[in-house]
Amino acid sequence: MAGKPRIAVYWTGGCGGCDVSFLELGTPLLDVLAKIEIAFWPALVDAKRTDLESLPPRSLAASLINGTLRTDENVEMARLLREKSQLVIAFGACAHLGGVPGLANLSSREEFLRRTYGNGFHPAPPPGGRAEDSPPDLLPRAKPLSEEVSVDCVLPGCPPPPELIGLVFDAFLSGDPPPAGHVFAHEKALCEECPRTREDRRLAKLVRPHELLPDPEECLLDQGMVCMGPVTRGGCGAACPKGAMPCTGCLGPTPNAGDPGLAMVSALASLVRVGEEGEAAFAAEDQVLDSLVDPLGTFYKYSLPSYVRTGKRSDG
Amino acid sequence: MAEPKFEPRIVAFLCRWCAGAGADLAGTSRLRYPPNAIPIRVNCSGRVELEWVMEAFRSGADGVFIGGCHPGDCHYVSGNYKTRRRVHLLRRMLGELGIEPERVRLEWVSATEGAKFARVMGKFVEEMRALGPRKDKAVATAGLVAVRKG
Amino acid sequence: MQPSSLERPSLRAAGPKIGVFVCHCGKNIAGTVDVARVVEALTHYPGVVHAAPHEYMCSDPGQGVIKKAIQDHRLTGVVVAACSPSMHETTFRTAAEEAGLNPYLLEIANIREACSWVHDGPETTDKAIRITRAMVEKVKGNHPLSPIEVGHATKCLVIGGGISGIQAALDVANAGFEVLLVERSPSIGGRMAQLSETFPTLDCSQCILTPKMVEASRHPRIRLLAYSEVVEVTGYLGNYHVVIRKKPTFVDPEKCNLCGDCVAACPIRVPNEFDRGLSERAAIYVPFPQAVPSSYALDEANCLGLNPLRCSECSKVCEAKAIDYDMREELIEEDVGAIVLATGYDLYGKELMAEYGHGTVPDVIDSLEFERILSAGGPTKGEVRRPSDGKVPKEVVFIQCSGSRDPELHKSYCSKICCMYTAKHALLYRHNVHDGTAYVFYIDIRAGGKEYEEFVVRAMEDERILYLRGKVAKVFRDGDKVMVWGVDTLTGKRVEVAADLVVLAQAMVPSAGTGDVARKLRIACGGEGFLKEAHPKLRPLETLTAGIFLAGAAQGPKDIPEAVAQGSGTAAKAVAILSAPTLTHSPEVAEVNEDLCSGCAVCVPQCPYGAITPGDVAEVNELLCEGCGTCVAACPSGAMVMKNQTGPQVERMIRAALADAREEVEVAGG
Amino acid sequence: MKKLAIDPITRLEGHGKILLYLDDRGGLAGAVLQVPELRGFESFCRGRRGEEMPQITERICGVCPEAHHLASARALDRAYGATVPAAAWIQRELFYNAYIFADHLLHLVFLGGPDLLLPADTPKANRNVLGVLQAYPKLGREIVTVRARAQRVLEIIGGRAIHPVFALPGGVARPLTADERGEIAGHTEAMVGLAKMFVPFFHEVVLPDPAYQSLLALPEAQLPTHYMGLVDETGAPHFCRGQVRAVSVHGDELFCLDEAEALERIAERSEPWTYVKFPYLKEQGWTGFEAGLESGVYRVGPLARLNVALRMATPLAQEEYERFLDFFGEKPVHATFAYHWARLVELVQAAEAAASLAAEKDLTGTHIRGKLGAPGAGVGVVEAARGTLFHRYALDEQGLVTEVDLIVATTHNAAGIGLSVKRMAEEVVRKGDLDEALLNRIEMAFRAYDPCLACATHFLPGEMPLVVEIYNAEGNLERRISR
């Protein structure tokens, strides 16, 4: 059918930051909205699930889905949108890699229900209500979108920077859809766009952001901060390092970095130097390495469900 | 009926100049050690990517052995030091992932230490037998972007 | 330049045609490995189009089988399952090349040293299959490569003007190549110039050395840079760029006629290093009469002062007007193709010998001091007189292994030449002092060398030289005597000698500047500080850095003939490089995927060879890269790639190694 | 017994479900607001690095990350026993006022606003931001532009507009430059300009609208509860520091305390049929879902803040505040739909405050990190756009989080919202035949609170269109209405 391409934007469950970031397009947003037809975008318009259900398969040009998959309902909606869409775009870090809520996978569902509500909390229907009225159950673990439906391309970030959102629509309205698996961010790591200077590539110590007021010019890694920049895609303009805070990896790893945690471990360990290398320095080097706390939470802040299934928890 | 004895699967990354040569010497000296480990030769232990260690675990390995030159003897001066640090940090992470850190073993073996190679390899296999099969689940999933291009 | 393997389509794209050849190696492999089963298993392995066994793969017929198959099946890769690659990799790769297959598309699966020789029982065959499968995966990912070719400079730098360096310089120069001979002190000649006579022939050291020194200084293709030091060395095999600092001597060698008036005029007197402090010299001096270059030098450190000029007595008396206070140091830059390191040795300081009086007893001297005393040109004009009072010593004790073979307190190694020169010392002493008695304390005698044993026996048979087997426990001053307490372990008796002179055969240690030079050249030193050879047996003259060679005692204790032989040996090595039309370098090096490199520079400090230059994208100097791959494993973006051993390639090997022998391994995913 | 399921409710941040139970005579037997998801931040924040908490907890909500970011930083200041230097404080406050401004604007235009700015009979297709932009092109454009400028202020100071990264225990990440101050000043000026433009618009267009008048007067929309909010030393509402003041249904002070003690005055109860927890004032205790003097139910947010405050902090806001009080003639104001007006008053104060902070000399000061002591436990409080937000952490000696407790705006309001919904439902049900517009009135009841159910349970927010299903006593589907 001719006319404007029809798209859907939906959150299975993100914090809403992705949608707000969309709004940050500002006036360009209105231009974009003029060129497309929003068939379904709860954040903005009052179309309903029934409308969506009534659409023929693949009648939507694209769906941008953000959020971690956490409940059965999330999965249902993702499948529904997949069925109705030609392109499914993972929109934001949660859909892309599992996102911050994916850190929940570090503990079991039971454990965090207990911790949140105290012992003996079991979902139940309201007074006079029936079983189906009790709150929906959670999936055993948080999942990225690609674990339940096939994803055509990715718009990464937490949230995706408006410029990158712009790219998607440029690509999209230009008529030729992006290649399968395309990620709307740079292939190169953040360092490429980071204005900080890299002088002496060696780590004599590790410091945490609150322990050091960093030099405004020098690379944060060289100053001992665990900056994920080297393993993380560019595309945000190195916003965090510019703000004197280390990159935490929200745009996800570069195409060949593989597992971002392993890549960081390798890079950090390679850079640690305490005096001359050699047996005499082993103990001191280990001290530096051991000063790294919470490696999983640090390296997989946005990607735990994509890369890590800890053996600690029973995996449903 | 009795359980069949558990035989650990092991991948051994051996540097060409020391551990690899040591393994060859163990061969020429006809020393016996258990066959559980499949050797993969690299120029330097510094070449060993942590991705490989994980790939081994992903592919079902019960242990990973890395053999390099003794401190001070690295053919490439300092590759073995880098490996030592990487493995040290990796072990810590493995613990949090529910994989026993002992499943990754780094050993210094010189070209002249055929006997030592046979001994440490035998010992490692023995320890892996004692440790039993891996209790953790698959370690990393190949998500949309987790697979690297060749 | 090597076309990038990243640009070339992977062979897998075209569909690999791999041939697998399994060697029986007689019973060596077939004895424990069921070769037929290996062949069978590999025949069905994805990508393998041909698999065959052979009794002896490395034999001509064996190689023939491979060559034929390469042509018949148009193989895109070959795996030879046989002995360790260190045995026959070259053999088989050459064969492949002869059959028209790029040699880097052939790999060896080691199923002998790593399998058939170390295991028995059924798992042995299973392991052999896994090893071979993994190697098939590697070959699938390999790209054809060809060695990197590079031009080079044709000069040679020799560092150290001792006999070894002189020999190297002469041999290279005589082969028709230009040589820079750099010597730290004002004259070449080194230790040998200090010696009196040489064992076992007892001919005069100076007499046989001087002609070589002169030849070196006169040689049209040798540029002699005495009183000079290497400041900086950059570059790589065939193309080293060196910066040399020539210190000012303040005397124009052209004008200086060696009259010596300046020495008389000079108010300064300092201990003469050449005589080990047993004589004095002026601040302006020639180290020794036969010095080359033959010119005086004013040693700035001891002169009253040049800036401002405090004395200038020497220039006043110099009729030749050879003295030039304005002479400044010179920085000389040269491109050289090869470097010979011959920085020589020092003696282990006697002040470190607590048991022998901390070097505070004037009549306890080291072997080089005794050499000077014995030399005709020495402080005593060749008469044996002791330092304290110039008396002729009647009882002299020689102590061997002083500081050597003593892991607890001193050096653990044997200094190798002490047995010989001590015998020489004792004999020469006896020739000098006919009524004198020489005692030699030794642990055992090491006289391995042509006519060496005979020489020592000659000394032992001189009844006035008493060889006492045992170590000296204590040496101390007692009046004008030096008491020596030891034990004769043969008789078990305590021995006490009230000696007039004690000579310590001090251990040999690397010369003072050795570590410094090693750092500048980025080559390794061993535990004891001696320069480290590439292989103790098979590559004794080479270092791990291609194009840098070791000669003489800087690499370990040596006597003169060995040092000379090494000089010539390194010359041959150097000439091999200098005479080559171009140099080749292994193409299996790291390379940067410029589409992925963010310039984060994590790789830069990983490289021990300084082969990586940081920038918007990192840059690898293929010729400096030795292919260790440490940078590749460190690269956070997976942008640094090892040619023919990429990460994904090895990951496929891992999968192949672990998958059950039966199951089809999934080879995609790279 | 029939059940009405309004699932899910829309134009708010988060998933929500309203269940109405009708007896056989069609009367309302019960009404609950159910929040059907959770993410368990309390659980997985444990073990994380303390200094990461501002950046982790802000992922609870992408609409008000700034509130979590600063509440978290405040808790860490306390946990590390740090005194925040002036320069850092000014950065934080300026940042925070810009946030309140932008967030209130978001609600007035994108979320709750359409209910007021557009006539009640507006077709649903237009009852959204686009409708607003069509109806008021000039103001609409201005709002979009100025909101963008406010977001830019957040970006300059926070490092990023959404999910900022600048707050650290004891201070902020970096000093601001003179140029940055210059740009900020320009933006804050524009914010004040918009506020000046919005106020008359409200009085000329929105307030006189009989529809709004009736909502304000609607008996079902009067909810006499206690109120809680943050006030500065002068008794004016302050969004990110001061003391927590609570007043009773009659306006008497219940307490005025520092965050830690204030937190002691609150207890939480959880109901198995929802993931949201229900806080109440300990002293009054939990007497079930009911308002009134005896009940422990209290409300927070713009209306609550104006009710606990003695005055506003800035001149223009004070003027509007007085107009507000004159209109109702009583304090506390209990009219739920007064939340919207209160929001406007605060929007004015936020703009004015931001402007004056932009002029502070110390804004570009370089002493921005207070000295940190050994890590311990700490409570932080701020006023999120929609109400009081508590973060409480305990850290171990490594500075890793061992305990987390979050009480957020909408949680405080959960009981109140439930009540408002129930009463509105009663009214709607009494009117009999249920149509979409009527159902929207039920939603308007909670939209007034600008609730953030995302925050409320730290679950994944999602907005779903409204579907109402009416079941008969046997539980068979009788009718399905969709707007």
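Order of the sequence lines sets the chain letters (A, B, ...), proteins ahead of strands, with each chain counted from 1.
For C:Cys603, no part lies near chain A; criterion is any non-hydrogen pair under 4.5 Å. For C:Val604, no part lies near chain A; criterion is any non-hydrogen pair under 4.5 Å.
The choice from A:Pro230, A:Ala263, A:Ala267 that makes the most heavy-atom pairs within less than 4.5 Å of chain C is A:Pro230.
Checked against side-chain contact (heavy atoms from CB on, under 4.5 Å), A:Val207 has the following partners two or more places apart in sequence or in another chain: A:Lys205, A:Glu211, A:Leu212, A:Met225.
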Enumerate, including both backbone and side-chain atoms, all donor-acceptor pairs under 3.5 Å from chain A to chain C.
residue: A:Lys188; atom: NZ; partner: C:Glu594; partner atom: O; Å: 3.0
residue: A:Lys188; atom: NZ; partner: C:Cys597; partner atom: O; Å: 3.1
residue: A:Arg198; atom: NE; partner: C:Gly599; partner atom: O; Å: 3.1
residue: A:Arg198; atom: NH2; partner: C:Gly599; partner atom: O; Å: 3.3
residue: A:Arg201; atom: NE; partner: C:Cys600; partner atom: O; Å: 2.7
residue: A:Arg201; atom: NH2; partner: C:Cys600; partner atom: O; Å: 2.8
residue: A:Pro230; atom: O; partner: C:Ser637; partner atom: OG; Å: 3.1
residue: A:Ser266; atom: OG; partner: C:Ala633; partner atom: O; Å: 2.7
residue: A:Ser270; atom: O; partner: C:Gln606; partner atom: NE2; Å: 3.3

